[in-house]
Each structure stands twice: as C-alpha cells, then as structure tokens.
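Please read these numbers as outputs of a predicted model, since none were measured by experiment.
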Amino acid sequence: MSLFYLLVVAIVQGITEFLPVSSSGHLILLPFVMGAQDQGQAIDVAVHIGTLGAVILYFWRDVRIGLAGTPRMLTGKTDTPGSKLAFLLLVATIPVIVIGLILKVTGLSDAMRSPTVIGWTMLIFGLVLYWFDQKGPETKTEADWSLKDAVKLGLWQAIALIPGTSRSGITITGARAMGYTRQDGTKIAMLMSIPTIMASGILLGAEVISEANWAMLKDAAIGAVFAFVAALLALILMMRLLKSVSFTPYVIYRVLLGLALLAISYS
C-alpha cells in the first residue's frame, strides 16, 4: 500500500467517523474510486483506534466520570452519575454487538458491502435524519438519558451495521426522534461510539493479529495517528457548528452522494 493511499484512508476515516455521513461507506468506496486494493482489516482496526483516541480525548471529562463509576456499576449499583453513565453505555452497546456477530457469522455483513447498498442507505437515512432533525422537539438533555432511551438508541445504532447508514448519523437521528437537543443528542451518540468502536476493534483485531508483521504495524501506526488528528478536528468543528447550524449540510451531501452512486450502479 502506498503512503499516499494510506494517508487518504486515515484522513477519510477520521473525518467521517463522527460526522453523520458514514465512515464505513466511504472506506468501502475508496478502493472503487481510487482504483486500489481494499486496505484490509489491519488498517481498518488502526484507523478505528485513532478515532477512538480522538473521541476519548474530546469527551475526557465524561469518560473519566464513566470510568470512575464502572466498578460501582459492576456491583449492580447505578446510583452515581458515573455508574449510571457506564451502565447506560453498556446497555446501548449490546444490540450492535449481538446483531453484528449474527451478520458476521451468516456472511451478510460482507454481502452488503456494495456501492448500490451504500447509495440507498446514504439517500434514505439522510432523508430520515433531515425529517427528525427538522420535526423533532428539543425537550431532552443528556441529564434525561434513561435505561429506556439507552435501549432504544442501542437499537437505532445497530441499524448502522448496514454499510452507508452512518453509526453517528443514525444514533443522532434516534436521539432527535426522542426529543433530545442537537448538541446533547450528538454528545450521547459520540459517547456511545466509544464502547462500540472498542468492541469492533477487538473483534477485527483478533482476526488480524496472527498476520501482523513489521511493515503492517508501521502502516497501522501511521494510519492511526492521521486518523486521530482528522477525527479530533472533525469533532471540534462539528460540535461548534451545532450551536448555530442544523444537520442539513450533511443531509445534502448524503443525498447527492447517494443519488450519484445509484445512478452509477443502475447505469
């Protein structure tokens, strides 16, 4: 793999992981667009680790509270802010792990990796995000996050296993549908990404660790660093823009890309 293509993969992953435009969809499309071989799971794991580091750093205050409350949560008590946060994140992660394993075992996860599927999901879920962002009330904040809402958002998040859906996008859509404000709904979605990305990294990492070599580790390290920087900048920009801008610009991008992919697929 050339250094240029590696950097493109890392930057695209970093920018799109937390924006509601689907990082997995873009990574699947990259080899088609650039006429290159698929970057492989080792690089996918590395760039995901980079984005994981970015979201942990950006939301470190909340992450620290959740980590501090985890031991108490493991004893069955969720009566502190930290233990409650840790518990809700755990609950919200279960659906995507269970359904993800089912799709992997049955081979459906690989069967859905096509430009046609990505085109439809980009278009459909972009419009769904627009609808709920425009019509959804803004009556809830992160303080209102409950067990019931964690289960619902976990199920919304599992839809993102379909390539092109966008994990952050569909989770934000679910939060807006439930009445969370743009900023707080997005914050919950970003915090939910931490255990989800960790679970995904562990699953993929277990498959590639036996194939690791020095060249692969070198490429992985470069990819992780650039993905971290790109993801952190994207997070900072998006969270600031949400104070004054809706999700409509991302929706427009999704719709245009979706229509272009469908036009190419059916031509």
Side-chain angles (χ1 to χ4, degrees), residues 9 12-13 16-18 20-33 36-49 51-52 88-129 149-175 177 189 192-212 216 220 223 227 254 257-258 261-262 264-266:
V9 169
V12 168
Q13 164 66 21
T16 59
E17 176 64 42
F18 302 117
V21 295
S22 178
S23 61
S24 63
H26 283 78
L27 289 184
I28 292 171
L29 290 174
L30 266 183
F32 291 97
V33 174
Q37 288 187 332
D38 189 279
Q39 59 274 4
Q41 289 188 335
I43 301 302
D44 282 350
V45 172
V47 294
H48 273 80
I49 290 174
T51 56
L52 176 63
L88 294 180
L89 289 176
L90 174 63
V91 170
T93 307
I94 292 174
V96 74
I97 292 177
V98 173
I99 297 175
L101 287 173
I102 292 173
L103 292 177
K104 189 163 187 65
V105 170
T106 58
L108 288 175
S109 58
D110 292 329
M112 293 188 291
R113 292 172 65 91
S114 75
T116 304
V117 171
I118 295 171
W120 280 114
T121 52
M122 279 283 181
L123 177 61
I124 292 172
F125 291 114
L127 294 175
V128 172
L129 171 59
D149 285 356
V151 173
K152 288 181 179 179
L153 280 183
L155 293 173
W156 275 93
Q157 182 175 241
I159 300 174
L161 292 167
I162 305 172
T165 300
S166 171
R167 192 214 60 80
S168 61
I170 199 65
T171 313
I172 291 170
T173 300
M192 284 175 58
S193 75
I194 295 174
T196 302
I197 295 175
M198 288 179 65
S200 174
I202 292 172
L203 179 63
L204 293 175
E207 295 184 6
V208 302
I209 194 169
S210 60
E211 304 172 7
M216 182 184 293
R254 289 184 63 109
L257 179 57
L261 289 173
L262 292 175
I264 294 172
S265 298
Y266 292 107

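Side-chain contact, Q157 with T196: a donor N or O sits under 3.5 Å from an acceptor N or O. When only modelled atom types and interatomic distance are considered, S166 and S22 share no side-chain donor-acceptor pair under 3.5 Å.
Nearest heavy atom pair, residue S168 against residue A189, reads O-CB, 4.4 Å. Considering all non-hydrogen atoms of both residues, P95 and A92 come closest at CD-O, 3.6 Å. Of all heavy-atom pairs spanning P163 and S24, the tightest one is CA-OG, 4.1 Å. Summarising the geometry of V21 relative to M122, their closest heavy-atom pair is O-CE, 2.8 Å, with the distance given to 0.1 Å.
To the nearest 0.5 angstrom, W120 atom CH2 is 12.0 Å from L261 atom CG. H26 NE2 to E17 CD: the interatomic distance, rounded to the nearest 0.5 Å, is 12.0 Å. Note that OG1 of T93 and CD1 of I197 are 10.5 Å apart. Values are rounded to the nearest 0.5 Å. Here H48 contributes atom NE2 and T51 contributes atom OG1; the two are 5.5 Å apart, rounded to the nearest 0.5 Å. The structure places OG1 of T173 at 10.5 Å from CG of L127, a figure rounded to the nearest 0.5 Å. We find the CG-CD1 distance between L153 and I170 to be 10.5 Å, quoted to the nearest 0.5 Å.
Inter-residue side-chain proximity for P115 and L29 is flagged as met; some heavy-atom pair is nearer than 4.5 Å. Contact of the I194 side chain with the L89 side chain is not registered, since no non-hydrogen atoms from C-beta on lie closer than 4.5 Å. Side-chain contact between L123 and R254 is absent, with no heavy-atom pair separated by less than 4.5 Å.
Checked against side-chain contact (heavy atoms from CB on, under 4.5 Å), S109 has the following partners two or more places apart in sequence or in another chain: L103, K104. For V91, the side-chain contact (heavy atoms from CB on, under 4.5 Å) partners at least two apart in sequence or on another chain are F87, L147, A150, V151. By the side-chain hydrogen bond (donor to acceptor under 3.5 Å, both in side chains) test, T16 pairs with no residue at all, sequence neighbours left out.
Judged by distance alone, with hydrogens and angles left aside, the side-chain atoms of R113 form no donor-acceptor pair with the main-chain N or O of G25 at under 3.5 Å. The backbone N or O of S265 sits nowhere less than 3.5 Å from a side-chain atom of T116 that would complete a donor-acceptor pair. Looking only at distances, no side-chain donor or acceptor of T165 sits under 3.5 Å from a matching main-chain atom of A160. No donor-acceptor pair closer than 3.5 Å links the side chain of R167 to the backbone N or O of M192.
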Set out, in order, the CA-CA distance, both residues' side-chain angles and the distance that settles side-chain contact (heavy atoms from CB on, under 4.5 Å) for I118 and I28, then state yes or no. CA-CA 9 Å; I118 295 171; I28 292 171; 3.8 Å; yes
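At most 12 non-hydrogen atoms from other residues, nucleotides or ligands lie less than 6.0 angstrom from CE of M198.
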